[in-house]
Amino acid sequence: MNIDQQIEYLKKGVVDFISEEELRRKLQRSIESGVPLRVKLGADPTAPDIHLGHTVVIRKLRAFQELGHTAVFLIGSFTGMIGDPSGKTSTRPPLSPDDVKANAETYKAQIFKLLDPDKTEIRFNSEWMDKFTAADFVKLCSRVTVRQILERDDFEKRMREERPIALHELIYPLVQAYDSVALKADIELGGTDQKFNLMLGRDLQRQYGQEPQVVMTTPLLEGLDGVQKMSKSLNNYIGITESAFEMFGKIMSISDELMWRYYELLTDLTPSEIERMKKSDENPRNLKANLAKLIIKDFHSEQAAKEAEEEFNRLFVRKELPEQMQEFELPAGRYEVSDLLFQTNLAASKKEAKRLIEQGGVKICGERVSNVKAEIELNGELVIQVGKRKFMKVKSH
């Protein structure tokens, strides 16, 4: 790609781009000198599981990596013990050193599903922050005013609502900004909620005599409902460690409108390729299946994507049973369906089992169960279906 094509590819799905002209100069200099740019993406190891929402910005890092630049994935081993206040209405509990270490290891394993480990520099900000003395911290804090820090939207909101702001939270953006100085970052990536911290990194680099980093932010991805941002707590997420079949089914459940958002943010297709697909006469169902396979290929394999599609069609198009199912054995006898779901671990509790039945989410041998008091005879073999994609073969002994 020439520089124009590179910039067009890199800015796909980007919200804030500060600035395109600066990136153009950096790319040109990189070509002339043969020295790759250092592209930083930081993550605090606050949770060990990554979902597709997290991968939007990781894919952007991969895009730079594919163009020959150095991907620097920074794990906030120090800042994680402060707690990122971004978007929070209350003080976030700091992580313990053991939490940080365990979550960081899981992060490393998961990001390499997208990034090339041989071309990725993994760094921990405790490398330099643990060496800071009290005097070093005072000098660092002297470079930013309280007014600057309080301009952050989340701090302003908490001030207005008279919610407490812990002093250590005010230090967080400053430490994140200093990471860019320590790493000599040419570019920093982050979600839109990180814009303030990334811009502070530019300011701090100038003060330390460095060329300021280019800032690029990516949007927060909507979850399966198409409304709220993808989140485990809202149960509208697709985890990158989920099975290929589970991922395929979830992607097929999204709206046609949301499908294009996922094409833009979760695939490597260019804007012009996506535009051509929008204008085509292709059935939206087929386009969605293609999207699912593109995403699954990144986290499993092309073969796994193909098998997931075949299994999905078997269950939901041809209405057949899956080829492989979990099996469970119980003594022969008569069981309340809610008790059967609980004993086979298809429901976490009898209360949840009854809720699933009331919502019409339970079938036994293809027949929907609607009565929470219903009983069934187990003498041989039954197939229980919970929701759209969970099947189990229950045998008597």
Side-chain angles (χ1 to χ4, degrees), residues 10 14 16-44 57 60-61 64-65 69-86 120-153 155 167-217:
L10 292 168
V14 167
D16 300 295
F17 190 175
I18 307 163
S19 69
E20 182 174 329
E21 191 51 44
E22 288 180 42
L23 180 59
R24 184 179 296 277
R25 286 200 301 270
K26 287 176 186 276
L27 289 171
Q28 185 64 49
R29 187 176 65 222
S30 174
I31 291 169
E32 291 170 357
S33 66
V35 178
L37 299 176
R38 295 178 59 75
V39 189
K40 169 194 170 193
L41 171 61
D44 279 343
V57 70
K60 191 61 61 183
L61 183 59
F64 276 100
Q65 190 178 63
H69 301 293
T70 303
V72 183
F73 190 83
L74 175 70
I75 295 175
S77 47
F78 182 88
T79 41
M81 290 188 288
I82 299 177
D84 184 2
S86 298
T120 304
E121 193 177 303
I122 298 283
R123 302 294 294 272
F124 296 83
N125 59 8
S126 53
E127 290 174 35
W128 46 89
M129 294 311 303
D130 281 354
K131 297 172 184 171
F132 258 48
T133 64
D136 291 330
F137 255 114
V138 171
K139 287 176 186 174
L140 180 60
C141 290
S142 71
R143 295 178 180 272
V144 180
T145 67
V146 173
R147 183 183 181 88
Q148 274 179 281
I149 297 293
L150 292 179
E151 282 174 357
R152 271 181 53 143
D153 292 342
F155 287 155
L167 187 58
H168 73 282
E169 292 182 280
L170 301 180
I171 298 170
Y172 184 97
L174 190 55
V175 175
Q176 182 175 329
Y178 183 78
D179 291 340
S180 293
V181 175
L183 291 168
K184 296 182 171 60
D186 292 300
I187 298 145
E188 184 169 13
L189 310 176
T192 49
D193 58 341
Q194 293 293 317
K195 183 182 176 182
F196 179 93
N197 298 347
L198 273 55
M199 293 299 291
L200 191 59
R202 278 172 62 88
D203 291 343
L204 213 55
Q205 282 179 311
R206 285 193 193 96
Q207 292 188 47
Y208 278 87
Q210 294 181 12
E211 182 180 75
Q213 64 189 13
V214 168
V215 165
M216 298 175 79
T217 68

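Note that the structure is a prediction, hence the values are computed from the model and not measured. In this chain, residues are counted from 1 in sequence order.
- Between Met216 and Asp16 there is no side-chain heavy-atom pair separated by less than 4.5 Å.
- The main-chain N or O of Arg29 is found under 3.5 Å from a side-chain atom of Ser33 such that the two form a donor-acceptor pair.
- Pairs of residues two or more places apart, or lying in two chains, that qualify as ring-ring contact (aromatic ring centres under 6.0 Å, His included) and include a residue from residues 130-151 are Phe132-Phe137, Phe132-Tyr178.
- Contact of the Leu41 side chain with the Val57 side chain is registered, since non-hydrogen atoms from C-beta on lie closer than 4.5 Å.
- When all heavy atoms of Val35 and Ser30 are compared, the closest pair comes out as O-OG, 2.8 Å.
- A donor-acceptor distance shorter than 3.5 angstrom exists from the side chain of Asp136 to the backbone of Thr133, with no hydrogens or angles considered.
- Asn125 contributes a side-chain N or O that, together with a main-chain N or O of Ser77, makes up a donor-acceptor pair within less than 3.5 Å.
- Using a cut-off of 4.0 Å between Lys/Arg side-chain N and Asp/Glu carboxylate O, Glu20 and Arg24 are scored as salt-bridged.
- Counting only distance, with no hydrogens or angles, the side chain of Arg123 and the backbone of Leu74 share no donor-acceptor pair below 3.5 Å.
- When atom types are taken as modelled, the side chain of Gln205 and the backbone of Gln213 share a donor-acceptor pair closer than 3.5 angstrom.
- Counting heavy atoms from C-beta outward, Leu204 and Leu140 have side chains that approach closer than 4.5 Å.
- Rounded to the nearest 0.5 angstrom, Leu198 CG and Thr217 OG1 are separated by 8.0 Å.
- Residues Phe17 and Leu23 have side chains in contact (heavy-atom distance under 4.5 Å, counting atoms from C-beta outward).
- A 4.5 Å side-chain heavy-atom check between Asp179 and Trp128 finds at least one atom pair inside the cut-off.
- Checking side-chain atoms of Gln148 against main-chain N and O of Thr145 turns up a donor-acceptor pair under 3.5 Å.
- A cation-pi geometry, defined here as NZ or CZ lying under 6.0 Å from the six-membered ring centre and within 45° of its normal, holds between Arg143 and Tyr208.
- One finds the OG atom of Ser180 at 11.0 Å from the CZ atom of Arg38 (value rounded to the nearest 0.5 Å).
- Counting heavy atoms from C-beta on, the side chains of Val39 and Glu188 never come closer than 4.5 Å.
- In terms of heavy-atom proximity, Val144 sits nearest to Leu174 at CG2-CD1, 3.2 Å.
- Between the side chain of Lys60 and the backbone N or O of Leu10 there is at least one donor-acceptor pair closer than 3.5 Å.
- Pairing each heavy atom of Lys40 with each of Ala185, the nearest pair is CB-CB, 4.0 Å.
- A distance of 11.0 Å separates CZ in Phe78 from OH in Tyr172, rounded to the nearest 0.5 Å.
- With a 4.5 Å cut-off on side-chain heavy atoms, His69 and Gln65 do not count as touching.
- Counting heavy atoms of neighbouring residues, nucleotides and ligands inside a 6.0 Å radius, atom NZ of Lys195 does not exceed 12 of them.
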